[in-house]
Amino acid sequence: MDTKKKLNTSLSLAVEIFTILLSICLGFVGYQTYYLGMIQKYKDYEVFTLNLAVNGFDWDALDQSIQKNEEDEALLRLRKRMDYIKSNAKINWLYMLVPLNTEKNNNMQYICTGNTEQEYQAYKDRGEDIVRLGKLSGTEYPPEVAQKYLDFYMNSKPGEYWYYPNKTEWGSVYTTSIVVRNSAGKALGVMSVDINMTDIDVTLRVYPVRIFVAGFILAVFFILILILWLNRRVIYPLKRLQHSASDFVQKANGDDLESLKFKDPDIQTKDEIQSLAKSLISMATDTKNYMQRLLTETKELERISTDLNVATKIQADMLPRIDKEFSNRSDFELAASMTPAKEVGGDFYDFFFIDEDHLALVMADVSGKGVPAALFMAISKTIIKNRALFGSLPLPSEVLQDANNQLCEGNEANLFVTVWLGILDLNTGILKAANAGHEYPVVRQPGKDFEFVQDKHGLVLAGFEGAKYKDYEIALEKGSTLFIYTDGVPEATNADEKLFELDRLKNALNINADASPEDLLSNVRSEVDKFVGSAPQFDDLTMLAIKYKGRK
């Protein structure tokens, strides 16, 4: 019964709160929608009315009337037009005035107003004259309103409208105004039209109350229905399910796994609760077999671990070694290393002779990690090397273009690889290179510090067929050093999620800029390890350095 009470109370309260909040939200949205819609209608109608009053009139003639301060033919034509519009449009006031100042009294000077026949008769009955040219406003406009009129009159652009909802002694009014100008652009006055918003104000005050009352009534009704429904479709089935679960837990604490069964609570609600009961029954059967599956999977994981160790060794064997062909040479000194983030990785480096005078250098990074990246790495490395060794001495861009087209074929996994490829002329020290979306190389000339070579990047390999790449040259003097790497170096991350970045990489290289390639790699790795600390390695860490000594 405690469970029933808690569920009934919690869900009923939740429905009530939700319904009330929904009612408030609907009331607010409806309020805003209605208000903004009505305001837009006022704007459109008042703009239309102003256009009727302003367009096609001889304002140059009215300018003369204003300067002479005479109600001549031009002013009478304007009054006749405004009277006609006032009599036939659904507006409250139509008038033209000139803002004078922001003093308390007489801060506006009327030019003309539009009136209906009834309003003219009312003037006559009260013994008053109509508003004529030059009449001052008296206390009709508060100073803050007069200031807004004056700002609009002085600063508005031709054709610009001013919309102004305001409170007056006649109630809420929505005003739209435009500055009237003669043919030379001179401002003559402000033409305004007013519509009283009394009806919309009344509606807006009543609307939220109606929505809230309706929402409250609906909340009470829904709560009563919900309580009855909860008891029949949720509470009682859940109680039976709870008893079956408790019985299962008690049996699970015993030693006899064969007797571990979930008692069928016989729930026929045909909904998620019935599905939950079936799932729990199925769970009991699965639990009995769990230990056996766990033992089997443990043996399988051990087998996979053994296979990965073999794969790691195979991948390491694929990378070139600095054997007799590359060690103890007089024209260059070379060192390289690759540390995968997982058992196998996607980074690779390569170096090989194209002929006795040209050495190819490759640094690449396959997207992704693990076995898929390692397989793609093996394919990429083979294709690049085979193309570089095919035929006469190629340009790096030609090697990358052909390799890209081959890698695009059958690339259903959408993997790609960034590659930097350089071909070094061992006689001249000229390094021709091309970059397929890889990191910038770093070069040190004799007696100087390491600096990045900000070469132009082409598209990654396996991006799409037909991609083109551009060659560039780096002239390596005798004693120069080239350092290439993958993004695992600058993007090494410490426990504070800060990156090692390129500046730290350059500083690490310049600790001992004239060091041997092997010592350079050691210095960089030491600085990376010091920066990363105990944080795990998230990406493969691959580097290659070559010092060009030149031939005699």
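No hydrogens, no waters, no symmetry mates; every other heavy atom, side chains included, goes into these values. In this text, all values refer to a predicted model and were calculated from it rather than measured experimentally.
Legend: residues meeting salt bridge (Lys or Arg N to Asp or Glu O under 4.0 Å) with K41, ordered by chain and number and at least two apart, are absent. Taking the side-chain contact (heavy atoms from CB on, under 4.5 Å) definition, one finds that Q537 meets it with T339, A341, R525, L541, sequence neighbours left out. K186 meets the salt bridge (Lys or Arg N to Asp or Glu O under 4.0 Å) test with D63; sequence neighbours excluded. Applying the salt bridge (Lys or Arg N to Asp or Glu O under 4.0 Å) criterion to D471, with sequence neighbours excluded, gives no partner residue. Qualifying side-chain contact (heavy atoms from CB on, under 4.5 Å) partners for E409, counting only residues two or more places apart in sequence or in other chains: none. N427 pairs by the side-chain contact (heavy atoms from CB on, under 4.5 Å) definition with D357, D425, R551, not counting sequence neighbours. Residues satisfying the side-chain contact (heavy atoms from CB on, under 4.5 Å) test with P490, not counting sequence neighbours, are E439, Y485, L502. By the salt bridge (Lys or Arg N to Asp or Glu O under 4.0 Å) test, K148 pairs with no residue at all, sequence neighbours left out.
Just one residue in the list V362, I322, I546 forms a side-chain contact (heavy atoms from CB on, under 4.5 Å) with F351, and that residue is I322.
Counting only residues at least two apart or in different chains, ring-ring contact (aromatic ring centres under 6.0 Å, His included) contacts with residues 435-476 comprise Y440-H457. Sorted by first then second residue, the ring-ring contact (aromatic ring centres under 6.0 Å, His included) pairs that include residues 488-513, not counting sequence neighbours, are F500-F531. For residues 445-456, every residue pair satisfying the salt bridge (Lys or Arg N to Asp or Glu O under 4.0 Å) rule, not counting sequence neighbours, is listed here: E451-K506.
A 4.5 Å side-chain heavy-atom check between W420 and D365 finds every atom pair outside the cut-off. Counting heavy atoms from C-beta outward, E160 and V179 have side chains that stay 4.5 Å or more apart.
Expressed to the nearest 0.5 Å, how far CD1 of I511 lies from CG of D519 amounts to 11.5 Å. Annotation: the span from T176 atom OG1 to K43 atom NZ amounts to 8.0 Å, rounded to 0.5 Å. How far OG of S156 is from CE of M154: 10.0 Å, rounded to the nearest 0.5 Å. Atoms OH and OH, from Y164 and Y149 in turn, are 8.5 Å apart once rounded to the nearest 0.5 Å. How far CG of L476 is from CD1 of I430: 8.0 Å, rounded to the nearest 0.5 Å. L319 CG to F348 CZ: the interatomic distance, rounded to the nearest 0.5 Å, is 9.0 Å.
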From CA spacing to verdict: side-chain contact (heavy atoms from CB on, under 4.5 Å), I383, L461: CA-CA 11 Å; I383 289 175; L461 300 192; over 6 Å; no
Residues R321, F326; criterion side-chain contact (heavy atoms from CB on, under 4.5 Å); working and verdict: CA-CA 8 Å; R321 295 186 177 161; F326 294 98; over 6 Å; no
CA sep, side-chain torsions, deciding dist, call: L520, T481, side-chain contact (heavy atoms from CB on, under 4.5 Å): CA-CA 10 Å; L520 280 177; T481 303; 3.6 Å; yes
Trace of the side chain to side chain donor-acceptor pair (under 3.5 Å) decision for Q147 with D151: CA-CA 6 Å; Q147 182 64 53; D151 291 342; 2.8 Å; yes
Test log, rule side-chain contact (heavy atoms from CB on, under 4.5 Å), inputs L505 and F483: CA-CA 11 Å; L505 170 57; F483 177 83; 3.8 Å; yes
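No more than 12 heavy atoms of other residues, nucleotides or ligands lie within 6.0 Å of CG in N328, so this atom counts as exposed by the packing criterion. When the shell of 6.0 Å around OH of Y161 is examined, it contains more than 12 heavy atoms from other residues, nucleotides or ligands. Heavy atoms from other residues, nucleotides or ligands lying under 6.0 Å from CD of Q40 number more than 12. Annotation for K432: atom NZ does not count as buried by contact number, only 12 or fewer foreign heavy atoms lying within 6.0 Å. More than 12 heavy atoms of other residues, nucleotides or ligands shown are found within 6.0 angstrom of NZ on K549.
The main-chain N or O of A187 is found under 3.5 Å from a side-chain atom of Y153 such that the two form a donor-acceptor pair. Distance alone, capped at 3.5 Å, is enough to place a donor-acceptor pair between the W59 side chain and the V54 backbone. Judged by distance alone, with hydrogens and angles left aside, the side-chain atoms of K468 form no donor-acceptor pair with the main-chain N or O of S397 at under 3.5 Å. Looking only at distances, a side-chain donor or acceptor of N404 sits under 3.5 Å from a matching main-chain atom of A462. Between the side chain of E398 and the backbone N or O of R387 there is no donor-acceptor pair closer than 3.5 Å. Within the 3.5 Å criterion, the main-chain N or O of S516 finds no donor-acceptor partner in the side chain of E333. One N or O on the side chain of Y548 and one on the backbone of L426 form a donor-acceptor pair closer than 3.5 Å. Looking at S522, its side chain never comes within 3.5 Å of a backbone N or O of E518 through a donor-acceptor pair. For the pair N411 (side chain) and L415 (backbone), a donor-acceptor distance under 3.5 Å is present. Put simply, the side chain of T493 gets close to the backbone of E491: a donor and an acceptor are under 3.5 Å apart.
Donor-acceptor pairing under 3.5 Å is recorded for the side chains of T542 and D347. A donor-acceptor contact closer than 3.5 angstrom is absent between the side chains of D402 and Q406.
Across all non-hydrogen atoms, the minimal contact from A388 to V399 is CA-CG2, 3.9 Å. Nearest heavy-atom pair, S480 versus P446, reported as atom, atom and distance to 0.1 Å: OG-CD, 3.3 Å. Closest of all the heavy-atom pairs between T175 and S192 is CG2-CB, 4.1 Å. L389 approaches I354 most closely through the heavy-atom pair CD2-CA, 3.9 Å. Contact detail for V442 and L509: the closest heavy-atom pair is CG1-CD1, 3.8 Å. In terms of heavy-atom proximity, A545 sits nearest to P517 at O-CB, 3.4 Å.
Using cut-offs of 30° and 60° on the angle between ring planes, the pair Y45 and F48 is tilted.
Taking the charged nitrogens against the carboxylate oxygens, E527 and R504 have no contact shorter than 4.0 Å, which rules out a salt bridge. With respect to the salt-bridge test (charged N to carboxylate O, under 4.0 angstrom), the residues D496 and K498 do not qualify.
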Side-chain donor-acceptor pairs of residues 373-381 under 3.5 Å, sequence neighbours excluded:
{"residue": "S380", "atom": "OG", "partner": "F376", "partner atom": "O", "Å": "2.8"}
{"residue": "K381", "atom": "NZ", "partner": "M318", "partner atom": "O", "Å": "3.2"}
{"residue": "K381", "atom": "NZ", "partner": "D350", "partner atom": "OD2", "Å": "3.4"}

